[in-house]
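Heavy-atom basis, side chains included; hydrogens, waters and symmetry copies ignored. Values in this document were obtained by computation on a predicted structure and should not be read as measured data. Each chain gets a letter, A, B and so on, in the order its sequence line appears, and its residues count up from 1.
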Amino acid sequence: MASPEERYNFLEAESKWQKTWAAKDSFKVEEPSSKPKYYVLEMFPYPSGRLHMGHVRNYTLGDVVARYKKAKGFNVMHPMGWDAFGLPAENAALERGVHPGTWTRQNIAIMRAQFQPLGLSLDWSREITSCEPAYYKHEQKMFLDFLKAGLAYRKESWVNWDPVEHTVLANEQVIDGKGWRSGFDVEQRKLNQWFLKITHFAEDLLQAIEGLDRWPDKVRLMQHNWIGRSEGARVMWPLLGRDGKDVGQSLEVFTTRPDTLFGASFCAISAQHPLAVKAAENDPALAEFIAECNRGGTSTAAIETAEKKGYDTGFKVQHPFIAGKTVPVYIANFVLMAYGSGAIFGCPAHDERDMEFARKYRLPVRCVVAPVGEDPVAFAAKLEAGDVAYTDDGVAINSDFLNGLKVDAAKRTAIEKLESLKLGTGTVQYRLRDWGVSRQRYWGCPIPIIYCETCGTVPVPDQDLPVTLPEDVTFDTPGNPLERHPTWKHVKCPTCGKDAKRETDTFDTFFESSWYFARFCSPHLADRPFSEIAAMKWLPVDQYIGGVEHAVLHLLYSRFFTRAMSACGYLNLKEPFAGMFTQGMVCHETYRAADGAWLEPGSITRTGEAASYNGQPVTIGRSEKMSKSKKNTVDPQRILDTYGADAARLFMLSDSPPDRDLEWTDAGIEGAWRYLNRLWRLATVAVTIPRGTVPATLDAGPTAVLRQIHRTISAVSDDLEKFRFNSGVARIRELTNALADLDRTVVGGNAVYRFGIETVAQLVNPLAPHLSEEIWHTLGNSSILTETAWPTFDPALLEDDTVTVGVQINGKLRGTITIAKTADKDAFETAALALPAVQKQLDGKPPKKVIIVPGKIVNIVAA
RNA sequence: GCGGGCAUGGCGGAACUGGUAGACGCGCCAGACUCAAAAUCUGGUGUCCUUGGACGUGGGGGUUCGAUUCCCUCUGCCCGCACCA
């Protein structure tokens, strides 16, 4: 039985150090400070009311960075807040009759308390809560400034409408064409919506990705693709009526392949195109076709299986280059209104979709590009007879003035010609669309706009901000409670004083998270969202950490907001996040009973490979992201109570690289816990050694360990800088093993041992802060480790005087030689050839060649 | 369909710019301590045959004195986008 001094009491120690840090304000930003700044931020949580393992991982990763940077001498800002608007609060209101605000604020209190035992180095004095008017009033003002600057506008647009919930759904809330909650078919509806003009910055947002060199390539690529820049041309096709006469209008089409214009055999427009709507006016069959297209699901499955369908409008358009040639205008279900001009020209020979469409509706296929080096006539004949489009590079044929030009040159020439004919221009299109921010929801920031019959759309005057949410709302009927509220929306017009109505939509909740990182710089400023001086001092965030699920939306919105805020004079900055890290998910095995029901990990009994539940066999499924629905969650609270924060932190950091998924296992957390106890036991031995400096002359054993201590400081520092926390932990464990094996009875043994334990405490501090403080304290230090500088290493001690290298024969390892580091090539060769194993292999014959890379390898090429 | 990533022992994963593959941990095996168990400690642990070797980083091929690392190709899994003209 271990004596009380030997047993590490994590519960007592962890809470003691947490109190000490709090009492000393250890994690408050130093103001003023001569140190360089470092801003560490993890994505702020939605207050669901319960901390989960994903949170623990996210905030632990950030905490390691924050503590390490602090030790390295930075003035660190590491704040925390709450992303507090959102749908779950309304669902809670619906299910339990509790007001969303009450529910949210209760959850925040619960979660704030749950954060405490994790021992995070957070500056709680900067806490912000996005659902409070003190926060959202600033974004109302910001929105009005965007409006003035032309960066916000209102327009009628098509939305996913849930007929049961009476609200707009985001694309990601539509699953297989049905509302994610109601399960009913989603309709396409036209609604007036507010938009933010993110497309204004499309080019800049795209170009600047290149400069985000501390972002994951994956995220940069996703943003690149999301913005989706493509170069092409706008082409005007003069429109002819059903009687064949010019109607004095043109159909505008966007294409990336103006070089294939001579292969055009039809034009197609979206069902939502104005011309389609007009054409349907006196054509009931066409109207029905359009309705069918609009009903067509937006779901991935629906699109995948959707057959290409078209409807001939009877209109024709005049080809821009070929006098007298016309092509028919179809309405096609695959043409998107939201991209380009909502109309295309079809060149079946060189576009897969057009080919499919042409074959279905028996439209001509004309080859106008042939691969270099192939016989154009034969190639064209084959292509025009087949069903496969040719989309690669080649040379223009059958194309009048373009003939003989390569695709790129032909594109340029075609555009020049279009421009000279005033029938088109070269242009750039983006896939990126403007950001629709209106939501028919209660629990969000009210959009500060008033609609007046006389004055139109009137911004709420500054002195009337914030527009706050009414408290007396009910959720017993579907739809937006703000819309139903008896008085809230009825106001006087600020301009003319007549009766007017408020906007009852609220902002998309991505609005709040698009600028909170700036609010943290001056979180309590009342009259402005943040001070420009503070924001310019702290921003950009030096290290941002969060899940990949926000790789596009949140990160892109924030980049846009930073530009928009700069355009409105709030600050002068483009990029909010200089460094970005995306952490992997926390996963766990899944368990199912015979009837298919998911079982909680805690409820099953494992016996080796098998598992059972109340005596019944259990199917063990693959490891998946922890989720309530699969019941494979592990409650952080239980882990903290059983093993403490340090063990939980250490396990999460050591088991897999932070950007990969982590599989939570009981054995893993046990292992971390065992290591901490072992380190504590080794430290209690060090305490018995009197303090003193390491003597200059040491025995071989202590010398080797001393070198390892220095090497470990160097390696761990490097690992922490590069987010290789798992390998940093491995290095620290290696050093711990070396210290445990060290013979302390020889000259310098004790001194090196004590120094080694102190160093391990320092190195492990960002990972397991409580135990390391306890060890540091027990070793007699009066300072606390949290406020102690990171250890330094002596470069002269990093490497040994000798080096051991492998000796290969024909690339196969036959032995090793240990030799002075300074030895020349001849010495390496002599030593290598002297090896018995080498002699045996060579069998008396001289080597054909000997390759020597000093310090690395000797490879003997035998004949 | 398009784009991207990954593949290493029973498991999670190391291996920096091509240079001793399997660090560190988990698990397992054996032993010590114990009446016993837990905890702890010591040793072993890629595979195959006999010391000594042979083989081995998803499969096949290539470059190289030397390849987990670079190139080609195939297979499998994961992620993003999804008729973007």
Rounded distance in Å - [atom1] ([X]) to [atom2] ([N]):
| X | N | atom1 | atom2 | answer |
| --- | --- | --- | --- | --- |
| A:Asn677 | B:U40 | CG | C1' | 11 Å |
| A:Asp392 | B:C2 | CG | C1' | 14 Å |
| A:Glu624 | B:C77 | CD | P | 15 Å |
| A:Asp661 | B:C11 | CG | P | 18 Å |
| A:Arg660 | B:C77 | CZ | C1' | 13 Å |
| A:Arg814 | B:C65 | CZ | P | 19 Å |
| A:Met222 | B:G4 | CE | P | 14 Å |
| A:Ile209 | B:G3 | CD1 | C1' | 14 Å |

With the side chain of [X] defined as its heavy atoms from C-beta on, choose the nearest nucleotide among [options].
| X | options | result |
| --- | --- | --- |
| A:Glu734 | B:A82, B:A23, B:G12 | B:A23 |
| A:Asn726 | B:A14, B:A23, B:G25 | B:A14 |
| A:Arg731 | B:G53, B:C79, B:A14 | B:A14 |
| A:Tyr339 | B:C81, B:A85, B:G80 | B:A85 |
| A:Asn333 | B:C83, B:G19, B:C55 | B:C83 |

So, taking the atom named CG in A:Leu205 and the one named OH in A:Tyr557, what distance separates them when rounded to the nearest 0.5 Å?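 Those atoms lie 12.0 Å apart.
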
Which value, in whole Å, describes the distance between the C1' atoms of nucleotides B:C11 and B:G46?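 My reading of the C1' atoms in B:C11 and B:G46 gives 13 Å.
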
Take atom P in B:G61 and the same atom in B:U68, then report the distance between them in whole Å.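 About 15 Å, rounded to a whole number of Å.
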
So, is B:G9 syn or anti if syn means the angle is within 90° of 0?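 Base orientation: syn.
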
Donor-acceptor side-chain pairing of A:Asn632 and A:Thr590 below 3.5 angstrom: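 Judged by distance alone, the side chains do not pair up.
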
Report yes or no: do A:Thr736 and A:Tyr675 form a side-chain donor-acceptor pair below 3.5 Å?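 Short answer, yes.
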
Please determine if A:Arg257 and A:Asp351 form a salt bridge, counting it only when a charged side-chain N lies under 4.0 Å from a carboxylate O.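 Here A:Arg257 does not pair with A:Asp351 in a salt bridge, since their nearest N and O are not under 4.0 Å apart.
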
Are A:Glu231 and A:Lys411 ion-paired here, with the side-chain N under 4.0 Å from a carboxylate O?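 No, no charged N to carboxylate O under 4.0 Å.
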
Give one of base, sugar-phosphate or nothing for [X], where a contact means two heavy atoms less than 4.0 Å apart.
| X | value |
| --- | --- |
| A:Ser727 | nothing |
| A:Thr256 | sugar-phosphate |
| A:Val335 | base |
| A:Arg733 | sugar-phosphate |
| A:Asp217 | nothing |
| A:Leu336 | base |

Watson-Crick or G-U stems of RNA chain B, 3 or more pairs, under 3.5 Å, by first number: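 Correct response: B:1-7 with B:75-81, B:10-12 with B:24-26, B:27-32 with B:40-45, B:46-49 with B:52-55, B:58-62 with B:70-74.
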
Partners passing side chain to side chain donor-acceptor pair (under 3.5 Å) against A:Thr804 (at least two apart in sequence or in another chain):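 Result, side chain to side chain donor-acceptor pair (under 3.5 Å) vs A:Thr804: A:Thr818.
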
Contacts of type side chain to side chain donor-acceptor pair (under 3.5 Å), residue A:Arg674, not counting sequence neighbours: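 In terms of side chain to side chain donor-acceptor pair (under 3.5 Å), with neighbours along the sequence ignored, A:Arg674 is linked to no residue.
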
Give every residue pair that meets the ring pair (Phe, Tyr, Trp, His ring centres under 6.0 Å) criterion with at least one member in residues 335-355 of chain A, sequence neighbours excluded.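 Listed once each, the pairs are A:Trp237-A:Phe345.
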
For A:Leu432 and A:Gly815, find the nucleotide of RNA chain B closest to each by heavy atoms; which residue's nucleotide sits nearer the 5' end?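 Nearest nucleotide further toward 5': that of A:Gly815.
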
Could you say whether A:Ile860 or A:Ala667 is positioned toward the 5' end of RNA chain B, judged by the nucleotide with the nearest heavy atom to each?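 So the residue in question is A:Ala667.
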
Contact under 4.0 Å: [X] side-chain N or O vs [N] OP1/OP2:
| X | N | result |
| --- | --- | --- |
| A:Lys856 | B:G18 | no |
| A:Arg678 | B:A39 | no |
| A:Arg681 | B:C41 | yes |
| A:Arg674 | B:C26 | yes |
| A:Asn859 | B:U20 | no |

For A:Phe651 together with A:Trp664, are the ring centres under 6.0 Å from each other?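 Distance test on ring centres: under 6.0 Å, yes.
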
Test the A:Lys308-A:Phe357 pair against the cation-pi criterion, namely NZ or CZ under 6.0 angstrom from the six-membered ring centroid and within 45° of the ring axis.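 Checked: cation-pi criterion not met.
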
State which residues pass salt bridge (charged side-chain N to carboxylate O under 4.0 Å, His left out) with A:Glu670; sequence neighbours excluded, sorted by chain then number.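 If we apply the salt bridge (charged side-chain N to carboxylate O under 4.0 Å, His left out) test to A:Glu670, skipping adjacent residues, there are no hits.
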
If you take any heavy atom closer than 4.0 Å to RNA chain B, which residues from residues 223-233 of chain A end up in contact?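 Within residues 223-233 of chain A, the residues near RNA chain B are A:Asn225, A:Trp226, A:Ser230.
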
Identify which one of A:Tyr643, A:Trp680, A:Trp673 satisfies the ring-ring contact (aromatic ring centres under 6.0 Å, His included) criterion when paired with A:Phe10.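 For A:Phe10, the ring-ring contact (aromatic ring centres under 6.0 Å, His included) check succeeds only for A:Trp673.
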
